[in-house]
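Worksheet: the structure to be examined is printed underneath.
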Amino acid sequence: MADEKSTVVREPTKNPNMPLSWRKETKPHRFCPGCGHAMALKALGEVVDELGILDRVLYGCDIGCSLLSWDFFNFDSVQTHHGRTIPVVVGAKRARPETIGIAYMGDGGGYAIGAQHLVNAAQRGDQITAILANNTLYAMTGGQLAPTTLPGQKTGTTPYGREVRKTGSPLQGPELVAAIAPAGAYVARGTVGEYQQLKGYLKKALRNQMEGRGFSFVEVLSTCPTNWRTNAKDTWAFLQGEMARYFKVGELRVPEPAAPGEEE
Amino acid sequence: MADGKALKIIIAGEGGQGVQSIGELLAEAAFQAGKQALYIPNFGVEQRGGVSVAYVQISDEEIGAPKFLKADLLTVLSKRSAERTKGYLKPGTIYLYEQSALEAPVIDDRAVGIQGYETVAPEAFAKMVGDKAGKPATPPAAPALRPIGIRAAQTAKAELTPRVFNIIVLGAITKLIKVLPPAGVKEAIAKKFRAKFRENPELEELNFQAFAKGLTMIEAEGMQ
Amino acid sequence: MKEVVRKGCTVFSDHGPAFGWDGGLLRKGGRVIKETQLTGEYGAVLEKEQRSFMTGNEVVAWAALAAEADFMYGYPITPQNEIMHYWSRLAPHFGRGFLQTEDEMAAGFAMLGGALVGKKTFCATAGPGNILMQEPIAMAEMMQIPGVWIIQQRGGPSTATVIYSQQELRLTTAGGNGEGLRIVYSTASHQELFEYTIKAFNRAWQYRFPTFVLGDGYQAKLREAVTLFRPAAKGWTLIPAEPLVRGPGIPALDREPVHLRNTFNIEEELYARLEEQLAAYERLTPEVVEWEVEVGPETEVLLVAHGIVARAAKQAQKMLNQQGQKVGYFRPITVRPFPGTALRQAVGANPNLRLLVVESAYGQLLSMVKAELYGLTNPIDTLLKPGVGVTAEEIVATVTKRAPKEVCHGG
Ligand SMILES: Cc1ncc(C[n+]2csc(CCOP(=O)(O)OP(=O)(O)O)c2C)c(N)n1
Ligand code: SF4
Ligand SMILES: [Mg+2]
């Protein structure tokens, strides 16, 4: 079965702040101050360490601000093409099933241009872990409308605010995936505002893959102070307020029986 | 410019230092003064941080390629940007540099730890690790270079407000290149920041003072 | 003596039938925008000629407005984003439309939908977006559905850089699974971006072949002077869009229903259709090709470049001629159809003439030049810099390095 024991056991780091799997040589990282991507990736790094799977991970990042993480970790990584990270990781997983495939992307990459891949991988039950950072817009290209943009929110391409009548309501990604994925799927929405909870979700999502159950998907509510044009306080308020009100944090699909050691 | 060739100017610094505004204002002022002008920023995938470079050309004749290999005036506002742009130097380049340019931050475990939680980008993060800020930058040794060091950051902080740092630099450049009437550059400032100045008239005064300081900074040091 | 033959670059002041600006075809089809709709600060927009200092992306948005484009469908990609930003800000004030789609493929196909029902549609994209766009463009070619694409080339392949290149020349002129029946203008200044964008709309709806303005990241982001105007103020007539489907009348009663076909059963059916299209394309070619040339019997080196690199070439030509060298210049403005006859004329008269092909790509323009010069023996030198800019100084250095060497004689 896919869950071979990992060979990577390391001394615990002297610096408790830095996950083993974080690549020190590429720090400071390239994200802006206060960027949620950095927090989500820190959680992912810690979880990979705790599961001891560093040698088996193939990490794919999308084109979007996630691309800034191409050399972020100490595991093998590939920067793909905008929206196409899921199929690249699916291809690797199918060809070498012992791989732990992680596809990391933004809301534009996952819900707009790559939506067909998310839908089809979920529907096929591909055994990969997709992690999607929802920051309500296209950050890397300077802040345009994303499927997740909140009603009334101003972006580069909704200069007068998003009008639901014209461009729809924010897409509920985990709800969509939960509705179509076959048995064995793990689906959750976490937030960088609840770090320990987010880590828990990411761990379950990776375990789900290690145990060969099915597709796993975690949306992470994330921050983009640069394009939101917010200071630290307002950034946090938007994440914990407007965003959390619209996008409900929690688990949507937990395969039965729960992964060993993860019962609540 | 006497020979009809374009005057080639580079302004380089850290993202957030206002480098691109300087480039834009110079080009806009040149356009308003009836000259041929072209300004282009460097731009990459990152939304913030990194080295920021502005390329400006001012000419009496049609301008060719937007970028160029050697600069007549190279302005550097940080250590990293000085390193990145030294290839643009040629004999006779006026090298205008900020004396209090930050050292590049030292990356250690402690720093990375701070970053993990605070997610600080490189330029902001120099402050947090108690870096050797304020250590004077030294101009590179190049043949027949004309180095001119200014202390715009210190002046802005002590006498005006740190925000107008780049406008002091703009004043210094205006003085050095001699081809733009200072009143025209002032007009370009007023035009670009019209909305901000309307909101906060005090800011207008600060900007104009900063510009004047930049002009006199060069005069005072007898470096024209 | 140096002979200067310029054609094409001044077409905007002469509007003979060849250029499609004639004919009193003023806006038909109920698409006239009422001035009273203009609100607030937009009221006086383009009322009179306006000299401005702005970025190329901004220029394109104004040009689309001036050309009376109806609808933009788009997807963000650097370095063209600001075209969408400006357009989405302007559009509501002028009764025009904008939709951000889920990707470039959707944007391209949505453009075709808009054009089918009689609207002037456009899109701006670059790099990987241009690749995805080839699918709808192939359909546009097959079915002769008009549309205007603004391409701000960036580094390739794949994501590469968001900055600049000329590596999308081949894709833009010949992408898709057909014969590349397209019209592509390669611009070199903001003034050209403005004028050729307007012209591209006319060409597209006149000939019904996909039409492109091939810019690049430098042109997108640099600021320089431009004069904006209403086409009517210059006597230019805008060619109206006509619906291809859902035209006036009740189908099967007042008129034949329209059945547009994209698939053929047998090879001969397709061949017949393509023969017609190819003939139409051959006919439009002499009407459409544009170029710029400076060459004379004494010219020893001919610089060949397109787009923004042509600016560097022109500057280099001037510098070299000041040094006493005999350097000419050839620039295709339409890179599809290619001004091959003009190039052959410029080169063919002088077997000793050396060419220096300069581009920010690895031989994409070069292969077009070679194809056009087939059979001639003039030597061709190259300065090929895929994905990076070229300066006049580099071109001067390349020519100077070659100069003392023995000139190869054709034979
Ligand atoms: C085919 C294609 N189209 C467009 C782009 C331009 N592009 C790069 S990143 C991006 C959007 C990024 O938004 P998102 O996925 O939400 O990630 P974020 O930057 O917000 O983290 C786009 C549209 C591209 N690289 N490729
Ligand atoms: S632009 Fe936004 S998403 Fe991108 S690195 Fe900066 S804060 Fe993060
Ligand atoms: Mg996003």
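Keep in mind that what you see is a predicted model, and the values were worked out from it rather than measured. Note on naming: letters A, B, ... go to the chains in the order of the sequence lines (proteins, then strands), and numbering restarts at 1 for each one.
Counting non-hydrogen atoms of neighbouring residues, nucleotides and ligands closer than 6.0 angstrom, the CG atom of C:N262 exceeds 12 such neighbours. Heavy-atom neighbours of A:D76 CG from other residues, nucleotides or ligands within 6.0 Å: at or below the threshold of 12. The environment of A:K154 atom NZ is sparse: at most 12 non-hydrogen atoms of other residues, nucleotides or ligands sit within 6.0 angstrom. Applying the 6.0 Å contact sphere to CH2 of A:W236 captures more than 12 heavy atoms from other residues, nucleotides or ligands. Heavy-atom neighbours of A:R124 CZ from other residues, nucleotides or ligands within 6.0 Å: above the threshold of 12.
Within the model, atoms CE of C:M84 and CD of A:Q144 stand 5.0 Å from one another, a figure rounded to the nearest 0.5 Å. Rounding to the nearest 0.5 Å places CE of C:M72 at 10.0 Å from OG1 of A:T157. Atom NE2 of A:H82 is separated from atom CG of C:L132 by 9.5 Å, given to the nearest 0.5 angstrom. Of the inter-residue distances, the one linking A:I63 atom CD1 with C:T78 atom OG1 reads 11.5 Å to the nearest 0.5 angstrom. Residue C:R89 holds its CZ atom at 12.0 Å from OG1 of A:T158, rounded to the nearest 0.5 Å. Between atom CE of residue A:M140 and atom CG of residue C:N81 there is a gap of 11.5 Å, rounded to the nearest 0.5 Å.
Across all non-hydrogen atoms, the minimal contact from C:P92 to A:Y160 is CG-CE1, 3.7 Å. A:G156 approaches C:S88 most closely through the heavy-atom pair O-OG, 3.4 Å. Summarising the geometry of A:H81 relative to C:P128, their closest heavy-atom pair is NE2-CB, 3.5 Å, with the distance given to 0.1 Å. Annotation for A:Y138 and C:P76: closest pair CD2-CG, 3.5 Å, computed over non-hydrogen atoms.
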* side chain to side chain contact (heavy atoms under 4.5 Å, CB included) assessment of C:M105 paired with A:I113 -> CA-CA 9 Å; C:M105 258 189 244; A:I113 190 166; over 6 Å; no
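Remark: side-chain polar atoms of C:E102 are not paired, donor with acceptor, to backbone N or O of A:A115 under 3.5 angstrom.
Between chain A and the options C:W87, C:Y75, C:F98, heavy-atom pairs under 4.5 Å are most frequent for C:Y75.
Heavy atoms closer than 4.5 Å to chain A are found nowhere in C:Y86, neither backbone nor side chain. Interface remark: A:T155 contributes no atoms to any contact with chain C (heavy atom separation under 4.5 Å). With a threshold of 4.5 angstrom between heavy atoms, C:I77 approaches chain A through N, CA, C or O but not through any side-chain atom.
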